[in-house]
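Heads up, the thing below is written out as structure tokens.
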Amino acid sequence: MKTHSYEDLLKHNQNKDCWLLISGKVYDVTEFMEDHPGGDQVLLTAAGKDATEDFEDVGHSESARDMLVKYCIGDIDSSTIPVKRQYTPAGQQIKTTLDTTSGFGVKILQFLVPLLILGLAFGIRQYSKKLD
């Protein structure tokens with residue numbers, strides 16, 4: 001088995017030349033692009049990064065895992081893999097900021113709003129009884 005660098009993996013991210021990194025192994029899935037049940041775009045999205053988590057999250061069958069053996073072209077040189085950066089979508093950054101700055105206010109509102117609704121409903125019921 002050949003050992004590939006991460007830089008080599010990055011070069012193979014096209015529809016006609018696609019390599020994936022899954023669990024420390026490098027797979028040339030170019031021949032499988034058209035046959036992949038999820039479509040070739042799924043594989044292209046996973047190219048150029050460690051696709052282990054993507055592969056595991058889908059819950060592939062044993063036959064799919066066995067099929068990987070056919071496409072394995074070697075191992076990855078782990079010393080060439082860059083340090084993983086934590087990605088936080090922009091929407092979550094804003095949400096986190098709001099949670100930390102006004103967390104107490106939100107908790108108060110979560111408590112008071114149902115009480116206000118209950119009080120309003122009780123008041124309307126009492127008022128409608130007086131009308132009868």
Side-chain angles (χ1 to χ4, degrees):
M1 285 279 216
K2 184 176 178 185
T3 301
H4 301 277
S5 70
Y6 193 77
E7 291 78 28
D8 289 339
L9 179 76
L10 292 176
K11 295 174 188 174
H12 302 275
N13 62 357
Q14 304 296 317
N15 203 8
K16 301 289 183 191
D17 182 23
C18 185
W19 290 9
L20 298 179
L21 172 62
I22 301 172
S23 301
K25 302 279 185 196
V26 179
Y27 300 92
D28 183 351
V29 295
T30 307
E31 293 178 21
F32 186 62
M33 297 291 283
E34 291 181 17
D35 297 329
H36 187 262
D40 61 348
Q41 198 60 39
V42 173
L43 298 175
L44 286 173
T45 302
K49 66 174 187 164
D50 186 346
T52 305
E53 193 172 315
D54 295 338
F55 182 81
E56 295 299 334
D57 284 348
V58 172
H60 285 92
S61 65
E62 278 303 312
S63 62
R65 293 174 187 280
D66 293 342
M67 193 182 294
L68 276 178
V69 175
K70 174 182 174 182
Y71 299 106
C72 187
I73 58 170
D75 295 310
I76 192 77
D77 180 356
S78 59
S79 67
T80 63
I81 299 174
V83 176
K84 191 172 187 178
R85 287 179 268 160
Q86 184 66 30
Y87 172 72
T88 306
Q92 285 184 349
Q93 289 172 347
I94 293 169
K95 183 181 182 300
T96 303
T97 304
L98 290 175
D99 286 348
T100 57
T101 58
S102 63
F104 181 71
V106 169
K107 289 181 182 178
I108 293 289
L109 285 175
Q110 288 176 339
F111 178 73
L112 289 179
V113 169
L115 283 178
L116 289 172
I117 292 171
L118 185 62
L120 182 63
F122 182 75
I124 291 172
R125 182 168 186 230
Q126 292 300 325
Y127 180 74
S128 65
K129 279 185 178 180
K130 288 180 183 179
L131 291 177
D132 290 335

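Along the sequence shown, residues carry numbers from 1.
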> Within a radius of less than 6.0 Å around CD of Glu31, do more than 12 heavy atoms belonging to other residues, nucleotides or ligands occur?
Replying inline: no
> For Glu34, does the CD atom have more than 12 heavy-atom neighbours from other residues, nucleotides or ligands under 6.0 Å away?
Replying inline: no
Following the transitive rule for hydrophobic clusters with a side-chain heavy-atom cut-off under 4.5 Å over Ile, Leu, Val, Met, Phe, Trp and Tyr, establish whether [X] and [Y] coincide in one cluster.
| X | Y | result |
| --- | --- | --- |
| Ile124 | Tyr127 | no |
| Ile73 | Leu21 | yes |
| Val42 | Val58 | no |
| Leu116 | Leu109 | no |
| Leu44 | Ile22 | yes |

Student check: side-chain heavy atoms of [X] and [Y] closer than 4.5 Å:
| X | Y | result |
| --- | --- | --- |
| Ile81 | Ile76 | yes |
| Asp75 | Lys25 | yes |
| Tyr6 | Lys49 | yes |
| Asn15 | Met33 | yes |
| Asp28 | Tyr71 | no |
| Asp54 | Thr45 | no |
| Phe55 | Arg65 | yes |

>> Here's a test for you: under side-chain contact (heavy atoms from CB on, under 4.5 Å), which of Leu10, Leu43, Val26 qualifies with Trp19?
In response: Val26
>> What's the separation between atom CD in Gln126 and atom OG in Ser128, rounded to the nearest 0.5 Å?
In response: 8.0 Å
> Taking atom CG of Leu20 and atom CG of Asp50, what is their separation to the nearest 0.5 Å?
Replying inline: 10.0 Å
> For Gln14 and Cys18, which heavy atoms make the closest approach, and how far apart are they?
Replying inline: O-CB, 3.3 Å
> Which heavy atom of Ala47 sits nearest a heavy atom of His12, and at what distance?
Replying inline: CB-O, 4.2 Å
> Going through the distances and angles, do Leu9 and His4 end up as a side chain to side chain contact (heavy atoms under 4.5 Å, CB included)?
Replying inline: CA-CA 7 Å; Leu9 179 76; His4 301 277; over 6 Å; no
> Just by modelled atom types, is the Asp77 backbone N or O under 3.5 Å from a matching donor or acceptor in the Thr3 side chain?
Replying inline: no
> Is there a donor-acceptor contact under 3.5 Å from the side chain of Ser23 to the main chain of Thr52?
Replying inline: no
> Which is it for Met67 and Phe32 under the side chain to side chain contact (heavy atoms under 4.5 Å, CB included) test, yes or no, and what are the steps along the way?
Replying inline: CA-CA 10 Å; Met67 193 182 294; Phe32 186 62; 3.6 Å; yes
